[in-house]
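Have a look at the structure below before the remarks.
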2 protein chains.
Amino acid sequence: MEKLTIKDIARLADVSTATVSNYLNGNYSRMSEKTRKRLEDMIRETNYVPSSVARGLATNHNKTIGVSVADITNPFTSTVLSGIYDACGKLGYTVVFTNASSDSTREIDNVNKLKHQEVSGLIIDPVDAENAIFKTLSNDSTVMIDRQAAAVKIDSVVTDNYNAVNKFVGNMKKSGYIDEDLYFISWPLRNVSTRLERYRGFKTATGIKDDSHLILVDDSGDDQYFISQIKQIVDRKRSGKVGFFTMNGRVLLHLLKAMQALNYRYPDDVGIGSYEDLDWMEIIQPGISCIHQDSFNLGVTAVNTLVRKLEDEKTKHFVPQLIEVPTMIKMRGSY
Amino acid sequence: MEKLTIKDIARLADVSTATVSNYLNGNYSRMSEKTRKRLEDMIRETNYVPSSVARGLATNHNKTIGVSVADITNPFTSTVLSGIYDACGKLGYTVVFTNASSDSTREIDNVNKLKHQEVSGLIIDPVDAENAIFKTLSNDSTVMIDRQAAAVKIDSVVTDNYNAVNKFVGNMKKSGYIDEDLYFISWPLRNVSTRLERYRGFKTATGIKDDSHLILVDDSGDDQYFISQIKQIVDRKRSGKVGFFTMNGRVLLHLLKAMQALNYRYPDDVGIGSYEDLDWMEIIQPGISCIHQDSFNLGVTAVNTLVRKLEDEKTKHFVPQLIEVPTMIKMRGSY
DNA sequence: CTGTTAGCGCATTCAT
DNA sequence: ATGAATGCGCTAACAG
């Protein structure tokens with residue numbers, strides 16, 4: 001199958017390329033009903049599809065959006081990407097994909113590459129929302145996802161981290177946990193907005209002002225120190241039971257590992273709650289009560305707000321907005 | 001920042017665009033050492049990057065590869081994609097991403113879109129490897145991943161499903177399980193090569209010829225029938241313990257759910273093994289012994305074999321190959 | 001309503 | 001060693 005060009009179609013339909021071009025772009029008012037039909041048939045018969053590359057060159061707008069994700073391996077991220085792809089498809093956009101593997105340096109490379117790739121717009125799920133590279137981006141053609149910068153200069157689509165945790169931990173209190181025996185477990189905060197916001201929600205709910213109830217873990221090294229902290233907390237509990245809230249699924253995994261090592265069981269020995277809802281959380285015994293986020297919708301929303309900006313010719317220099325996507329609490333009996 | 005073109009560089013360096021073009025393409029033999037230096041400096045200073053769109057139009061080879069995955073939400077898939085992206089980056093290729101969401105119809109759309117997108121090559125993680133659409137693709141510019149067609153017409157990079165399961169189940173036998181009490185749990189086979197191959201490995205290991213030891217589940221509906229089957233099998237066991245091998249992580253999740261319902265515990269009441277290694281498998285108590293596949297490497301291998309074909313001008317019409325990536329057995333005490 | 005023409009940014013002969 | 005000219009496939013005035 002040789003590739004047809006607009007010239008071929010023009011010749012076959014006995015019109016000029018300009019007319020074909022107009023047809024392709026829906027400018028039907030600029031041709032007779034007859035030639036329109038003729039082109040319609042011609043194109044269907046020949047299965048002709050215009051070259052998006054050539055079109056991109058001519059219009060400087062190729063209907064592709066560049067995506068940079070922090071870590072595609074994260075189940076949250078892949079669902080977001082799924083939403084992005086779906087929404088793009090519906091709007092006729094192509095997505096070129098980029099992955100930072102949680103490395104801020106690679107994130108910079110990715111954004112630069114994407115900029116030079118001449119994409120129409122950018123969606124970024126940032127490793128580091130404060131990265132200087134983002135200051136080189138215009139809010140007119142980019143939106144951020146999940147993590148927001150302290151000073152939002154670019155539209156950001158995020159989950160309602162603060163409110164969700166505030167409410168969830170509030171529920172824990174209602175079922176008997178006291179402030180002094182509630183703890184927030186997280187990756188090192190490192191100025192990452194999701195962590196900060198969720199923690200802020202925890203602090204509001206418990207009224208704890210200092211960081212004495214903040215426990216940190218990370219993926220590197222063993223968990224010896226972490227395990228000893230958990231033990232100490234449980235040993236010194238003030239009330240009947242300690243309640244832990246983990247910042248996400250992987251942190252929860254660390255907690256479960258530690259509890260295993262210490263031979264603690266939930267919900268009897270301690271109570272557990274978590275941000276993020278992963279498939280295994282409803283299978284293990286008992287299921288984990290958690291905050292479920294609609295990550296697919298996050299992706300869709302990002303695309304829609306981006307494309308709205310891209311295709312809105314008149315108004316430019318939009319004022320940066322923070323768009324919060326609601327979450328859902330799933331009760332499964334882990335506290 | 002306005003965008004520079006090859007013309008600007010030519011003017012600034014006081015040479016013709018042809019010379020700049022030659023420089024960009026590494027044809028240094030076609031210019032003096034002096035102008036070469038000049039261009040080098042010029043380009044660095046101005047931070048000029050040639051337009052890949054324009055280049056694509058001119059050369060009809062845009063250094064982008066199109067990827068169609070069956071389901072980006074699958075952790076296996078996202079790791080593969082990660083490998084694909086990494087390898088592409090190293091080779092200077094861009095990836096345009098497409099997701100079928102396990103829908104064979106969408107897969108067709110994706111492939112068509114990609115073909116018309118004028119990508120240089122295609123990597124496909126198929127929903128249905130037997131899809132007729134793949135017969136329209138040339139082996140010279142595409143490779144398949146994970147699932148293979150019965151008659152391999154396109155290079156396919158897969159894990160060594162058959163051998164891995166054969167060996168794993170063999171190990172189960174060595175530790176006491178008898179053929180009659182070993183069962184293979186799977187999604188409906190539906191001609192999906194990974195399922196067929198893994199099942200074949202199971203049959204070879206156990207010597208069971210018929211399908212009496214094949215149990216099917218799926219994600220739709222409740223698991224009542226499945227649960228009753230499990231119960232029946234355990235009730236009628238011939239030896240001390242029944243051993244189950246699940247075809248992948250999600251199937252394992254169904255089994256665990258059923259066992260919970262039946263109040264069975266592993267490794268005491270029954271033994272468990274699985275294909276696929278997910279993070280929660282080493283956390284739950286006890287950990288799940290399984291077959292770990294290097295999915296990242298699968299992606300990398302796919303890209304390398306694809307790009308080798310794309311850039312090998314002389315030989316075309318390669319003979320389709322089946323490339324097997326080795327797996328690893330992780331013992332964790334679930335049987 | 002329809003056709004002509006001049007680019008878009010780059011690669012590639014063919015001259016010089 | 002270097003440059004002028006032409007074309008890749010399409011869009012966008014501008015004519016007619």
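The structure presented is a predicted model; accordingly, all values stated were derived computationally and were not measured. In what follows, every chain begins at residue 1, and chains take the letters A, B, ... in the order their sequences are listed.
- Ser51(B) is linked by a side chain to side chain contact (heavy atoms under 4.5 Å, CB included) to Glu118(A), Val53(B), Ala54(B), counting only residues two or more places apart in sequence or in another chain.
- Taking Asp41(B) as the reference, Arg44(B) meet the salt bridge (charged side-chain N to carboxylate O under 4.0 Å, His left out) condition, with sequence neighbours excluded.
- Relative to the axis of its first five pairs, the axis of the last five pairs of the helix from dC1(C)-dG16(D) to dT16(C)-dA1(D) sits at 40°, rounded to 10 degrees.
- For Asp86(B), the salt bridge (charged side-chain N to carboxylate O under 4.0 Å, His left out) test picks out Arg106(A), with sequence neighbours left out.
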In the 5'-to-3' direction, what one-character label does each nucleotide of nucleotides 3-16 of chain C receive under the scheme B = base within less than 4.0 Å of a protein heavy atom, S = sugar-phosphate only, - = no such atom?
BB--BBBBBB-B--
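- Nucleotides of DNA chain D with any atom under 4.0 Å from a heavy atom of chain A span, from 5' to 3', dC8(D) to dC14(D).
- Taking Asp146(B) as the reference, nothing meets the salt bridge (charged side-chain N to carboxylate O under 4.0 Å, His left out) condition, with sequence neighbours excluded.
- For the residue pair Asn131(A) / Ser104(A), a side-chain donor-acceptor distance below 3.5 Å is found, with atom types taken as modelled.
- Scanning for side chain to side chain contact (heavy atoms under 4.5 Å, CB included) contacts around Ala10(A) gives Thr17(A), Val20(A), with sequence neighbours left out.
- Contacts of Asn27(A) classified as side chain to side chain contact (heavy atoms under 4.5 Å, CB included), with partners at least two apart in sequence or in another chain: Asn22(A), Asn25(A), Arg30(A).
- Scanning for side chain to side chain contact (heavy atoms under 4.5 Å, CB included) contacts around Thr98(A) gives Ser68(A), Asn110(A), Leu114(A), Tyr85(B), with sequence neighbours left out.
- For Asp128(B), the side-chain hydrogen bond (donor to acceptor under 3.5 Å, both in side chains) test picks out no residue, with sequence neighbours left out.
- When the salt bridge (charged side-chain N to carboxylate O under 4.0 Å, His left out) test is applied to Asp8(A), the partners found at least two apart in sequence or on another chain are Arg11(A).
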